[in-house]
Every structure is written in structure tokens, then in C-alpha cells.
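What follows is a set of notes on a single structure, which appears directly below.
Numbering starts at 1 and runs along the sequence shown. Fair warning: this is a prediction, and the values are worked out from it, not measured in the lab.
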Amino acid sequence: MQEKGRRETRERAQLLKLLRQSREREECAEDDYRQLLQVMGEVLAEARAARGFKQQDFAACCGLHKTTLCRMERGARDVNFRNLCLLLSRLDVELDDFFSEVCRVRRALKKLEGK
């Protein structure tokens, strides 16, 4: 009887450990996702500014509200693929070039963070 109780206690401890690890991975993935959105927004904002567009004018020419574009550039809003393609097309930026720059910036940030 005592052996059964010990086994259940060990199993419960293992389950709790797995649950904690799962939550830590989810938190890490969420942090990575937020960072990715921020980097994508920064790269998008830099491309827009480099082409001389003001935020309000660029949003209007893409059929977006200025607030929507602003939130995308801050990384506070998800960018769906269709809108991303539209924005990059209006900026004359290739999708590959955009993501290459996003990856370059993310690698630099990870180096700074020591990851």
C-alpha cells in the first residue's frame, strides 16, 4: 500500500514538473512572438520612412487606418499575410528581402541578449 502511495506521489511530481516546463516553453514562445512582431514593425517602419512616406499618407494609400499601421509598426498588432504583402508591394520591397532583414535584426538582438 505504501509503495502505491509513493508511486502516485512520484507520478504527480513528474506531471507537475512537465506542466511547469510546458508553461515555461509557452511563455518563451510568447516572448519570441512579441519580439518578432516588434522587429517586423521596426523593419516595416524603416522601409516606409526610407521611401519618404509619412505614416498617415502611407496608411491611406494602402487602405488602412493610420492607427492600424501605427500599431503594426510598434509590434502591438498582428500583421496578416495579405496586409503584409500589400504593404511591402506599395514599398517595392520583396518578401524575401523583408524577412532577411527581420532575421538579421533578430539574430543581432539575440547576440546582444546573450542567447
For the [atom1] atom of [X] and the [atom2] atom of [Y], what is their distance to the nearest 0.5 Å?
X     : Y     : atom1 : atom2 : result
Asn83 : Leu88 : CG    : CG    : 10.5 Å
Met40 : Gln35 : CE    : CD    : 12.5 Å
Gln38 : Arg34 : CD    : CZ    : 8.5 Å
Gln56 : Thr67 : CD    : OG1   : 9.5 Å
Arg90 : Leu64 : CZ    : CG    : 9.0 Å

Heavy-atom closest contact ([X] atom, [Y] atom, distance):
X     : Y      : value
Phe98 : Leu44  : CE1-N, 3.9 Å
Leu36 : Arg106 : CD1-CD, 3.7 Å
Val39 : Val102 : CG1-O, 3.7 Å
Gln55 : Arg48  : N-NH1, 3.4 Å

Positive for side chain to side chain contact (heavy atoms under 4.5 Å, CB included) with Leu69, one of His65, Lys66, Glu73, Arg71: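 Of the listed residues His65, Lys66, Glu73, Arg71, the side chain to side chain contact (heavy atoms under 4.5 Å, CB included) partner of Leu69 is Glu73.
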Derivation of the salt bridge (charged side-chain N to carboxylate O under 4.0 Å, His left out) call for Glu113 and Lys110: CA-CA 5 Å; Glu113 294 170 355; Lys110 287 193 185 278; 5.5 Å; no
Heavy-atom side-chain contact between Leu37 and Met72 under 4.5 Å: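 No, side chains not in contact.
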Pair Lys54-Asp57, salt bridge (charged side-chain N to carboxylate O under 4.0 Å, His left out): steps then yes or no: CA-CA 5 Å; Lys54 292 182 180 176; Asp57 297 336; 5.4 Å; no
Working for side chain to side chain contact (heavy atoms under 4.5 Å, CB included), residues Val93 and Arg51: CA-CA 10 Å; Val93 173; Arg51 282 150 184 82; 3.3 Å; yes
In one Ile/Leu/Val/Met/Phe/Trp/Tyr side-chain cluster, 4.5 Å: Leu86, Phe99: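 No, separate clusters.
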Flag if over 12 foreign heavy atoms under 6.0 Å of CG, Asn80: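 For Asn80, atom CG is crowded (more than 12 foreign heavy atoms under 6.0 Å).
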